[in-house]
Amino acid sequence: MEKTVTEAIQYRRSTRVYLDQPIDTAKVKACLQNAALAPTSSNLQLWEFYHVTNKETLKQLTKACLDQNAAKTAQQLVVVVTRKDLWKKRLKSNVAFINKAYDKPDLDERSLRRKKMAVNYYTKLIPTIYTDFLGILGLIKYCAFQIVGLFRPVYRQTRISDMRIVAHKSAGLAAENFMISMAAIGYDTCPMEGSDTLRVKQILKLPRGAEINMVIGCGLRDEEKGIYGPRFRVPFEEVYFER
């Protein structure tokens, strides 16, 4: 029986050692489909998911993941990739979706305003934020926005480094969707940041603009050795603030 969201969150642990038992590739793919439903900045969906089941590729990625047990014993691996370089393509997809959604005769004035606002957002604001040249335009925009911010609230994240962070935050949300979905069906995962990301890109033959967000080991936990210790979290009172 599939776990509830709360049960899945409580069940999920970073599993470092997996049983030598296969897991269903189709079920893992279904969990990745849930990952793609995660919230994402401006709905640009600047992510890709590489589902690795090939034994030779698994062996190569294990080496690139520094021979961690979470990779070495994993039955499958998922590599979450950010694609900030695809923002123009994703922008066009959003505009096409909006135009199709509002392709109705006799739209009322409210709907026309909403369509215009959405299209303007993608065709004017997004290019303003994402367009850059060697980081120079981003720095100019950053300085300009800081000046405007002296007088009113304004979006300030305009540099290349800022937009990379935005893409990685969205990819992290997708990765969490995936891991909770896996936990819900009794599958285990371990997100790994410790990897040679350049080698991971080379193994997967990724383009220059792609960046590795994380590599996730997948399998069934070894109940004796899979979890390295009891769960520790600092007291909730240290991280929760009501204003």
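Atoms considered below: every heavy atom in the structure, side chains included; atoms not considered: hydrogens, waters and symmetry mates.
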Query raised in the report: Is there side-chain contact between T128 and T131, with heavy atoms separated by less than 4.5 Å?
Result: no
Query raised in the report: Are the side chain of Q68 and the backbone of M192 linked by a donor-acceptor contact shorter than 3.5 Å?
Result: no
**Report entry** OG1-CE distance between T15 and M182, expressed to the nearest 0.5 angstrom
**Finding:** 10.0 Å
Report task. Verify, without hydrogens or angle tests, whether Y121 (side chain) and S42 (backbone) share a donor-acceptor contact under 3.5 angstrom. Result -> no
Query - V166 vs Y130 side-chain heavy atoms within contact, under 4.5 Å - result: yes
**Report entry** Spacing of K89 atom NZ and L46 atom CG [to the nearest 0.5 Å]
**Finding:** 11.5 Å
Query - Closest non-hydrogen atom pair, A118 against I98 - result: CB-CD1, 3.6 Å
Query - Within 6.0 Å of CD in Q21, more than 12 heavy atoms from elsewhere - result: yes
Query raised in the report: Under a 4.5 Å cut-off applied to non-hydrogen side-chain atoms, are Y228 and N69 in contact?
Result: yes
Requested in this report: Give, for atom OH of Y11 and atom CD1 of I185, the distance between the pair rounded to the nearest 0.5 Å.
Outcome: 10.0 Å
Query - salt bridge (Lys or Arg N to Asp or Glu O under 4.0 Å) contacts touching residues 154-170 (sequence neighbours left out) - result: R159-D162, R164-E211
Query raised in the report: Going by heavy atoms in the side chains, are K63 and K59 under 4.5 Å from each other?
Result: no
Report task. Might you work through the side chain to side chain contact (heavy atoms under 4.5 Å, CB included) test for V119 and K124, ending with a clear yes or no? Result -> CA-CA 8 Å; V119 171; K124 296 180 180 179; over 6 Å; no
Query raised in the report: Is there a side-chain contact between I165 and Q157 (heavy atoms, below 4.5 Å)?
Result: no
Query raised in the report: Taking all non-hydrogen atoms of both residues, which atom of R90 and which atom of W47 are closest, and how far apart?
Result: NH2-O, 3.7 Å
Query raised in the report: Is it true that a side-chain atom of S170 and a backbone atom of S41 form a donor plus acceptor pair closer than 3.5 Å?
Result: yes
**Report entry** V200 vs Q202 side-chain heavy atoms within contact, under 4.5 Å
**Finding:** no
Query raised in the report: Should V154 and I126 be counted in the same cluster of Ile, Leu, Val, Met, Phe, Trp and Tyr side chains packed under 4.5 Å apart?
Result: yes
Report task. Drop me the distance from I129's CD1 to F145's CZ, to the nearest 0.5 angstrom. Result -> 4.5 Å
**Report entry** Min side-chain heavy-atom separation T57-I203 under 4.5 Å
**Finding:** yes
**Report entry** Single-linkage hydrophobic cluster V28~I216, side-chain heavy atoms < 4.5 angstrom
**Finding:** yes
Query raised in the report: What is the distance from atom SG of C218 to atom CG of D188, rounded to the nearest 0.5 Å?
Result: 9.5 Å
**Report entry** Hydrophobic cluster identity match, V81 and L58, side-chain contacts under 4.5 Å
**Finding:** yes
Query raised in the report: Does a sphere of radius 6.0 Å around CD in E56 hold more than 12 heavy atoms from other residues, nucleotides or ligands, not counting ones at 6.0 Å or beyond?
Result: yes
**Report entry** Between SG on residue C190 and CZ on residue R12, distance to nearest 0.5 Å
**Finding:** 8.5 Å
Requested in this report: For residues A183 and A8, report the shortest heavy-atom separation together with the two atoms involved.
Outcome: CB-O, 3.4 Å
Report task. Please name the residue in the list T25, T189, T53 that meets the side-chain hydrogen bond (donor to acceptor under 3.5 Å, both in side chains) test with Q76. Result -> T25
Requested in this report: List the steps and the verdict of side chain to side chain contact (heavy atoms under 4.5 Å, CB included) for V52 and V215.
Outcome: CA-CA 10 Å; V52 183; V215 181; over 6 Å; no
Query raised in the report: Just by distance, do the side chain of Y50 and the backbone of L206 share a donor-acceptor pair under 3.5 Å?
Result: no
Query raised in the report: Can you find a heavy atom in the side chain of V79 that is under 4.5 Å from one in the side chain of E48?
Result: no
Requested in this report: Could you tell me which non-hydrogen atom of R231 sits nearest to which non-hydrogen atom of I9, and how far apart they are?
Outcome: NH2-O, 3.8 Å
Query - Cluster overlap M179 with V78, hydrophobic side-chain contacts below 4.5 Å - result: yes
**Report entry** Hydrophobic cluster identity match, L220 and I227, side-chain contacts under 4.5 Å
**Finding:** no
Report task. Might you point out which heavy atoms bring A210 and K201 nearest each other, and give the distance in Å? Result -> O-NZ, 2.8 Å
Report summary line: When every non-hydrogen atom of V80 is compared with those of A175, the smallest separation belongs to CG2-CB, 4.2 Å
Report task. Determine, stepwise, if the pair N34 / F178 fulfils side chain to side chain contact (heavy atoms under 4.5 Å, CB included). Result -> CA-CA 6 Å; N34 286 343; F178 169 67; over 6 Å; no
Requested in this report: For L44 and Y122, run side chain to side chain contact (heavy atoms under 4.5 Å, CB included): C-alpha distance rounded to whole Å, both residues' side-chain angles, the deciding distance at 0.1 Å, then the answer.
Outcome: CA-CA 10 Å; L44 289 177; Y122 284 106; 4.2 Å; yes
Query raised in the report: Any donor and acceptor pair, going by atom type alone, linking the side chain of D132 with main-chain N or O of G138 inside 3.5 Å?
Result: yes
Query - R114 atom CZ, over 12 foreign heavy atoms within 6.0 Å - result: no
Report task. Mark yes when over 12 heavy atoms from residues, nucleotides or ligands other than D20 sit less than 6.0 Å from its CG; otherwise mark no. Result -> no
